[in-house]
Number of protein chains: 2
Amino acid sequence: MKISGSREGTHWQSCHDCTARGFAICAALNNTELRELAQLSRHVRFESGATVFAQANIATSFFSVHKGILRIYKLLPDSRRQIVSFALPGDFLGLSTLPRHEFSADAIGRVALCQVAKESFATFSENRPRLLCRMMELAGRELARAQEHIVLLGRRSAEEKIASFLIGWRDRLNGIGRDGEILTLPMKRLDIADHLGLTIETVSRTFSKLERGGVIQIFAGGVVLLDAARVESLSAGVS
Amino acid sequence: MKISGSREGTHWQSCHDCTARGFAICAALNNTELRELAQLSRHVRFESGATVFAQANIATSFFSVHKGILRIYKLLPDSRRQIVSFALPGDFLGLSTLPRHEFSADAIGRVALCQVAKESFATFSENRPRLLCRMMELAGRELARAQEHIVLLGRRSAEEKIASFLIGWRDRLNGIGRDGEILTLPMKRLDIADHLGLTIETVSRTFSKLERGGVIQIFAGGVVLLDAARVESLSAGVS
DNA sequence: CTCCGGCGATGATCTGCATCAACCACTTCA
DNA sequence: TGAAGTGGTTGATGCAGATCATCGCCGGAG
């Protein structure tokens with residue numbers, strides 16, 4: 001297992017026209033502030049599969065996802081894994097201010113992140129209420145998603161879990177302006193299983209079942225929701 | 001089913017010497033601010049079992065728990081229930097700023113809450129970075145708890161779930177200065193089941209099993225952790 | 001070209017927890 | 001004093017999903 005990824009200090013185009021700006025905490029900043037924050041941050045890239053940081057390690061930085069997708073997960077001592085969420089462009093990693101990382105994060109495909117030292121960020125943000133409000137907004141959304149996921153894990157069947165996951169994933173992609181006929185699923189079956197509290201076999205079987213029922217169509221790397229309404233009603237827990 | 005509780009506008013002693021002050025968002029306020037916030041808020045009480053607010057209703061207020069315990073839950077259309085968390089004194093309800101309640105909350109035993117209209121609170125907080133930081137702190141903690149619960153629901157056995165719950169509950173009570181030989185469990189078996197993604201029977205059986213093993217001792221309304229170390233290791237997921 | 005390793009699908013079997021059904025201890029109320 | 005309700009425990013049985021095993025596909029290395 002790769003423990004650390006390749007970091008390069010490569011800077012992309014200015015924060016001003018960052019593609020994730022509208023979704024990230026940066027949306028709350030004016031141009032001056034944006035430039036100021038850019039001074040404090042560096043841009044880092046990781047190769048597919050690389051670990052950005054690991055649970056229980058000292059957290060020295062915050063990250064904001066610029067490009068790519070990460071899996072956010074926790075491990076039990078006997079190596080059972082639970083993927084808490086997938087992080088998308090605009091997502092902020094490190095909302096909790098504890099001294100150690102609460103979870104591990106690694107790259108699914110290549111990712112690019114903005115990194116800011118915790119201390120710098122703390123002094124930068126502490127007298128900028130608009131930024132703090134924006135962070136509260138993101139934190140609230142994240143919390144709402146976590147609570148929805150708690151319902152999914154605690155009270156839904158395998159089929160409902162898959163359906164909810166597909167709908168939730170579609171909506172999140174839409175939220176960052178990625179819609180389209182085909183719903184891309186860049187993560188592996190094992191990732192989906194560890195996210196939904198299932199095994200890889202159950203995930204596979206459930207996908208097959210939905211395809212046999214004409215509800216979805218499976219491609220390499222994604223699915224098409226042939227009958228989106230049906231997926232939605234399964235996802236809602238009706239029938 | 002009771003839908004709304006008995007509300008009385010009864011004010012208790014000033015916010016200044018509120019027993020929950022140290023745990024609540026109010027810890028970030030000085031005496032002047034505290035008095036100012038007190039102007040905007042009212043104190044409300046609910047009887048045991050009363051619903052404070054219900055999922056999907058318009059959210060007009062924030063609440064801060066002063067006394068008592070609430071269950072925070074979501075319902076599926078077919079009435080499956082998932083208790084997302086239990087709210088204790090100091091907990092803030094409504095961190096997410098969405099227009100509608102994300103979940104329902106009802107009283108376990110009698111509760112007393114501080115209620116503030118969302119708008120008043122928004123204008124009060126928007127230029128008070130210390131308060132916003134405090135809210136971020138609470139939100140971060142809440143998020144961390146939710147993520148831990150996601151691991152519990154997704155990847156732990158019934159016995160581990162019960163053990164984790166007992167340890168987590170003990171630690172939360174300790175956090176607000178309620179420790180003691182006997183660990184009080186004011187919620188019913190059904191609440192515990194709906195919190196841990198189990199049935200009432202499995203909860204009961206697992207408690208019995210732990211008692212038979214000499215690990216805990218069951219009382220009406222609580223348990224004693226005879227072998228706390230054992231409960232902790234079960235809770236950690238080590239065999 | 002073949003070999004190999006990663007990934008996904010699928011069949012057979014097993015099992016942890018749900019489900020169904022009593023039953024008990026208390027409490028409330030007639 | 002007993003009938004009915006509430007909350008919890010326990011036993012018997014069933015099933016959804018885990019586990020174990022096999023197979024096929026595909027892409028990269030030699």
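Note on naming: letters A, B, ... go to the chains in the order of the sequence lines (proteins, then strands), and numbering restarts at 1 for each one.
- Look at CZ on A:F219: it is 16 Å from C1' on C:dG8, rounded to the nearest Å.
- Taking atom CD1 of residue B:I216 and atom C1' of nucleotide D:dG8, one finds them 14 Å apart after rounding to whole Å.
- Two residues are said to be in side-chain contact when any heavy atoms from C-beta on lie closer than 4.5 Å; B:L196 and B:H149 meet this criterion.
- Taking CZ of B:F219 as the start and CD of B:E211 as the end, the distance is 8.5 Å to the nearest 0.5 Å.
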Give me, pair by pair, the N or O atoms of the protein and of nucleotides 19-24 of chain D that are less than 3.5 Å apart, along with how far apart they are.
residue	atom	partner	partner atom	Å
D:dT19	O4	A:R205	NH2	2.9
D:dC20	N4	A:E201	OE2	3.1

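- Between the P atom of D:dT6 and the CD1 atom of B:I200 lies a distance of 13 Å, rounded to the nearest Å.
- Annotation: proximity of residues 206-215 of chain A to DNA chain C (heavy atom, distance under 4.0 Å) is found for A:S208, numbered in ascending order.
- Rounded to a whole Å, the CD1 atom of A:I162 is 10 Å from the P atom of D:dG17.
- A heavy atom lying under 4.0 Å from DNA chain D marks the following residues of residues 181-198 of chain B, by number: B:K188, B:R189.
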Next on the checklist: Could you go through B:R145 and B:E142, starting from their C-alpha distance and side-chain angles, then the distance that decides it, and tell me whether this counts as salt bridge (Lys or Arg N to Asp or Glu O under 4.0 Å)?
Outcome noted: CA-CA 5 Å; B:R145 265 210 305 273; B:E142 186 106 0; 3.6 Å; yes
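- In this structure, A:T184 and A:L173 have side chains that are in contact, with non-hydrogen atoms separated by less than 4.5 Å.
- We find that CD1 of A:I218 is positioned 16 Å from P of D:dC25, with the value rounded to whole Å.
- Put simply, CD on A:E160 is 13 Å from P on D:dA16, counting in whole angstrom units.
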* **Verdict with supporting geometry, A:K118 and A:S61, side-chain contact (heavy atoms from CB on, under 4.5 Å)** => CA-CA 5 Å; A:K118 275 178 115 170; A:S61 305; 5.6 Å; no
Next on the checklist: A:S96 vs A:E102, test: side-chain hydrogen bond (donor to acceptor under 3.5 Å, both in side chains). Steps then yes/no.
Outcome noted: CA-CA 8 Å; A:S96 135; A:E102 296 282 295; 4.5 Å; no
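- Between the CZ atom of A:R80 and the C1' atom of C:dG16 there is a distance of 13 Å, rounded to whole Å.
- To the nearest 0.5 Å, atom CG of residue B:L70 and atom CZ of residue B:F53 are 8.0 Å apart.
- Tested against A:Q217 for a side-chain contact (heavy atoms from CB on, under 4.5 Å), the candidates A:V223, A:L210, A:L226 yield a single pass: A:L226.
- Taking 4.0 Å as the cut-off between side-chain N and carboxylate O, A:R81 and A:D191 count as a salt-bridged pair.
- Distance from the side chain of A:S204 is smallest for C:dG8 among the nucleotides D:dT9, C:dG8, D:dG17.
- Atom CZ in A:R155 sits roughly 16 Å away from atom C1' in D:dG17 (whole-Å rounding).
- Between A:D106 and A:Y73, the shortest heavy-atom contact is OD2-OH, 2.8 Å.
- Rounding to the nearest 0.5 Å places NZ of A:K67 at 12.0 Å from CG of A:L113.
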